Protein chains: 2
Amino acid sequence: MTPIDDDSVVEPTQPGRKRDPSRDASILEATLEVLAEVGAASLTMDLVAARAGAGKATIYRRWTSKTQLVIDAVAHMKRNQVDLEHLPDTGTLRGDLLGLFKPQSMEESERRLKIMTGLASLLSQDRELADAANGAVVKPWADAHFALMQRAVLRGEISASADIQTLSQIVPSMAAYRSLVQRKPMELAFLLSMIDGVVLPALGIHRFDVPSVTPTRRGAGGAKRRPKP
Amino acid sequence: MTPIDDDSVVEPTQPGRKRDPSRDASILEATLEVLAEVGAASLTMDLVAARAGAGKATIYRRWTSKTQLVIDAVAHMKRNQVDLEHLPDTGTLRGDLLGLFKPQSMEESERRLKIMTGLASLLSQDRELADAANGAVVKPWADAHFALMQRAVLRGEISASADIQTLSQIVPSMAAYRSLVQRKPMELAFLLSMIDGVVLPALGIHRFDVPSVTPTRRGAGGAKRRPKP
DNA sequence: CAGTTTCGAAACTTGACAGTTTCGAAACTC
DNA sequence: GAGTTTCGAAACTGTCAAGTTTCGAAACTG
């Protein structure tokens, strides 16, 4: 949060109309929408104002600059996050990792990644913004993976010597890179090749059932079937 | 390459001063320098012209727009690339992967990643540019990893059933993400945690010597020393 | 009610920069 | 040498959008 630091402290009641808190939410929400649609480069304050049904003066009364607004908007989306409380619990790590991706969670991730992609143009300008994006999109996702892996360790499913810290970042980071540079959307095939081709093997899990997923030999992009000839 | 398509074909000799081919190189080189220093967002044609010791007219005689110039510059840096011909050959995959990073290759990668980071602002605008960046920075690196892994398969060091296609992309992509979003430079510690914590374990290699690398217990962000207890 | 602040809307100011054009000098063809 | 194209430098044009100001109406305080 970095709104214009108003009179929040010691204040003997001020005259005049009060600020409408609903405007804050509208503006932040509009910012995220525009961000996802046209990207930060083409995001103009007029566009945001129009979308929020607000005047530019109202925006500049709360944020000092476009960059600050965007940073705040990105941080704002950290809410509605993956609940570290109720993570999937299917009994196997593979099931858990895939379970993270079932319901609306899929399109929510897609949305976040889209916003991050649009953010690209500002990432190189502000370290602060880059941190916010990382913290809002990749970090919580990695945290979830970390928690799931930790549980798998306790359960005895995987070795305690595995480098869980590093491995938990693979899927989120690769997904972000993929979205950012390669411009490909979230796809199950990608997830599967990451989980089955990288994460699980690295954790020492080489045999796993593939229940109810694409009966036609998954095309993870090169996983050979036959071992040494 | 997308210079203004001049009279290259059927041409009966033209009058007038000839184009100085050395200007092309100067301009492209200057573009890359500026790109690495201030990023594409703050890259102006005047800046490039000044750096190259050229006039803007000279630039616009060869490229139609800033974007085209940048795309060409990025493609231009594909030269001086990792030679797929003479890759390191140390006898072990780990040695080979690390060997890719010894000499000036380290700072060259650093430079490329810096350029890519600066490029971020345009990545979201042009798919073409994003492809060029991916092709110039990440792709060749991944190709090298792929070749090294393939050799390890033939040598019998790793199983042929491993998803080499996916695994060869891990290090380059993660390095790019790291540089792009987290703004951290290339570091040996990062490489080690990727190779020892992810890639090699995923290939089924769990025990490896750590010869002549940081006698003081490497702090690779979590790679534990002892394998399964 | 008098005074103050907020609101949305719209007009305005300003700086930055992509792309053009102009200029005088050099380099080339015939 | 006449005509043409290139060169670097610098002046010029045009657009776009960030940020500011103004306005009339609403909302609040005392």
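Reminder, nothing fancy here: chain letters follow the sequence lines and each chain counts from 1. Computed from a prediction, not measured in an experiment: that's the story for all the values here.
Ring pair Trp141(A)/Phe146(A): centre-to-centre distance not below 6.0 Å.
Rounded to whole Å, atom P of dT21(D) lies 17 Å from atom CD1 of Ile59(A). In this structure, CZ of Arg61(A) is placed 14 Å from P of dT22(D), rounded to the nearest angstrom.
At a cut-off of 3.5 Å, with distance as the only test, no side-chain donor of Arg112(B) or Ser109(B) sits close to an acceptor on the other residue. Side-chain atoms of Thr117(A) and Ser124(B) include no donor-acceptor pair closer than 3.5 Å.
The shortest distance between side-chain heavy atoms of Ile71(B) and Trp63(B) does not fall below 4.5 Å.
Ala176(A) is linked by a side chain to side chain contact (heavy atoms under 4.5 Å, CB included) to Leu113(A), Met116(A), Val138(A), Tyr177(B), counting only residues two or more places apart in sequence or in another chain.
Distance alone, capped at 3.5 Å, places no donor-acceptor pair between the Arg183(B) side chain and the Asp131(A) backbone.
Counting only residues at least two apart or in different chains, salt bridge (charged side-chain N to carboxylate O under 4.0 Å, His left out) contacts with residues 165-181 of chain A comprise Arg178(A)-Glu187(A). Applying the side-chain hydrogen bond (donor to acceptor under 3.5 Å, both in side chains) test to residues at least two apart or on different chains, the pairs with a partner in residues 35-49 of chain B are Glu37(B)-Arg51(B).
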Checklist outcome for this item: Given protein heavy atoms under 4.0 Å, the one-letter contact record of nucleotides 15-20 of chain D, with B base, S sugar-phosphate only and - none, is simply --SSBB
Checklist outcome for this item: In B/S/- notation (B base, S sugar-phosphate only, - none; protein heavy atoms under 4.0 Å), nucleotides 24-29 of chain D written 5' to 3' is --BBBS
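Contact record, His145(B) with Pro172(B): ND1-CD, 4.3 Å, taken as the closest heavy-atom pair.
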Checklist entry - Can Asp96(A) and Arg151(A) be said to form a salt bridge (Lys or Arg N to Asp or Glu O under 4.0 Å), step by step? => result CA-CA 10 Å; Asp96(A) 287 353; Arg151(A) 240 173 34 190; 2.9 Å; yes
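In DNA chain D, consecutive stretches of 3 or more Watson-Crick or G-U wobble pairs with both distances under 3.5 Å are given as paired ranges: C:1-30 with D:1-30.
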